[in-house]
2 protein chains.
Amino acid sequence: MSHAVKAIRSAVAPGLGPKRDTILDAVLPVFGRFGFRKTTMEELADAAKLSKQGLYLHFSGKEEIFAACIEKYLTDSLAVVDAVLGGGEPLQERLIGAMDAWFGRHLETFHPQAFDVIETGTLMAPERTQYWKNAFRQRLTRAIAASREVKSSPACTAKDMAEVLFQCGLAWKESLVPRTEFRRELARAVRVCCRLEL
Amino acid sequence: MSHAVKAIRSAVAPGLGPKRDTILDAVLPVFGRFGFRKTTMEELADAAKLSKQGLYLHFSGKEEIFAACIEKYLTDSLAVVDAVLGGGEPLQERLIGAMDAWFGRHLETFHPQAFDVIETGTLMAPERTQYWKNAFRQRLTRAIAASREVKSSPACTAKDMAEVLFQCGLAWKESLVPRTEFRRELARAVRVCCRLEL
DNA sequence: ACTTGACCGAATGGGTAAAATTGGTCTAGT
DNA sequence: ACTAGACCAATTTTACCCATTCGGTCAAGT
């Protein structure tokens with residue numbers, strides 16, 4: 001299939017129905033367990049309770065499914081992040097919740113053996129990957145900056161704290177512990193970076 | 001060669017001369033560039049300016065060279081860490097120097113493609129690996145605890161700061177930036193974690 | 001709005017056997 | 001305290017073939 005046709009399909013098809021989203025939700029765990037390469041179209045179709053051709057009525061191919069899947073995954077995650085950060089809890093709880101919604105969910109979604117999903121994602125759409133990273137860091141920064149619970153200084157601005165927090169979160173790739181324990185590490189990082197009391 | 005013979009040689013040979021250390025220093029960059037598996041005994045011998053057989057007069061085999069090499073590498077690194085932390089500079093500079101001597105040196109020593117050195121090390125001697133990690137974290141903790149420049153609290157003890165700092169340092173594996181830039185990230189982490197002004 | 005099933009070209013994954021490397025040893029020097 | 005070089009067993013690499021699989025398409029149904 002030519003690139004032009006692909007572009008048309010993906011430009012016309014999306015957003016038309018909640019069916020796409022249903023498919024993407026069903027498909028995510030498969031990518032998360034086996035990675036991009038080792039996931040077959042049949043497995044995706046089975047997960048979505050569709051035939052192989054049924055899938056092609058919604059997506060132009062494997063790459064588009066994957067891209068849309070990751071896009072939805074991050075969109076959803078960021079929505080949770082926003083919801084948590086916009087909530088009424090103390091900043092500490094909100095930050096921990098946000099970090100857990102982002103990095104913790106990664107940890108739970110992607111099997112250690114299937115981290116090629118990350119590489120594939122950055123390889124297929126590096127600018128999108130950068131966009132999502134920046135989006136999340138921006139949320140952290142704003143939440144910290146807006147809070148009156150934490151005092152910043154020229155040497156330690158809200159952005160500085162957010163960046164360091166983000167850096168700590170990146171450790172999820174190395175982490176071998178379950179999400180609950182990882183969350184405790186995140187809690188400590190939040191406490192230290194933002195000097196929030198218990 | 002039997003394990004018994006190996007044990008005898010490695011028990012008798014070490015520490016007898018500075019020659020071993022010279023060899024180990026010469027050999028480290030080779031392991032750092034090609035990893036354990038892809039490094040050949042000939043390359044090691046060439047790097048040490050010895051014949052292959054000359055090497056065997058000092059070490060019982062590839063594994064012993066590697067183990068001793070890593071051991072010396074970490075010993076040296078920790079010595080630098082101790083020297084820096086024990087110096088007269090303000091805590092901030094000392095911590096940055098210590099983090100750079102540890103993680104920054106890793107970044108510079110081990111080629112991204114040769115990270116199998118880490119796995120091999122933890123696989124061959126997991127207890128030693130754990131020992132060195134703990135040793136470094138301990139140094140950080142003590143330096144922070146001993147300083148009057150940083151005030152701790154029950155929610156943010158010296159150990160907490162050290163742990164988070166360590167977690168930030170682990171990002172070196174993901175880092176694609178040169179050591180100088182990585183050092184700036186470390187500096188920010190130190191500032192934030194210990195609330196040290198500029 | 002789907003399913004079924006056949007189909008294609010390309011990529012992939014065994015399986016294998018020859019060829020090259022490698023870690024390590026031995027001997028004979030100097 | 002080394003080097004030179006032959007040497008071995010074991011592993012690794014390479015090349016090749018074959019079967020399978022996979023992504024994607026097409027035609028015909030319901």
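Sequence lines set the chain letters: A, B, ... in the order given, protein chains first and strands last, and positions in each chain run from 1.
- With A:D100 as the fixed residue, the salt bridge (charged side-chain N to carboxylate O under 4.0 Å, His left out) test singles out one of A:R105, A:R183, A:R94: A:R183.
- Screening A:V27, A:L44, A:D25 for a side chain to side chain contact (heavy atoms under 4.5 Å, CB included) with A:C69, the sole residue that qualifies is A:V27.
- Aromatic ring orientation, A:F31 versus A:F66: perpendicular (interplanar angle above 60°, classes split at 30° and 60°).
- Between A:K62 atom NZ and C:dA10 atom C1' there is a gap of 14 Å when expressed in whole angstrom units.
- Counting heavy atoms from C-beta outward, B:K49 and B:I23 have side chains that stay 4.5 Å or more apart.
- Contacts of residues 32-55 of chain A with DNA chain D (heavy atom under 4.0 Å): A:T39, A:T40, A:M41, A:K52, A:Q53.
- Of the inter-residue distances, the one linking A:D116 atom CG with A:F110 atom CZ reads 10.0 Å to the nearest 0.5 angstrom.
- For C:dA1, neither phosphate oxygen OP1 nor OP2 lies less than 4.0 angstrom from any side-chain nitrogen or oxygen of A:H58.
- A donor-acceptor pair under 3.5 Å is absent between the side-chain atoms of B:D82 and the main chain of B:A79, judged by distance alone.
- Following rounding to the nearest Å, A:E64 (CD) and D:dG23 (P) show an atom-to-atom distance of 15 Å.
- Spacing between atom OH of A:Y56 and atom P of C:dT3 amounts to 14 Å, rounded to whole angstrom units.
- For B:K19, whose side chain is taken as the heavy atoms from C-beta onward, the closest listed nucleotide among C:dT3, C:dT25, D:dC2 is D:dC2.
- Summary of helix geometry: the two end axes of the helix from C:dA1-D:dT30 to C:dT30-D:dA1, each defined by five base pairs via their C1' atoms, are inclined to each other by 50° (rounded to 10°).
- A salt bridge between B:R191 and A:D160 is present, with a side-chain N of the basic residue lying under 4.0 Å from a carboxylate O of the acidic one.
- Taking 4.0 Å as the cut-off between side-chain N and carboxylate O, A:K62 and A:E42 do not count as a salt-bridged pair.
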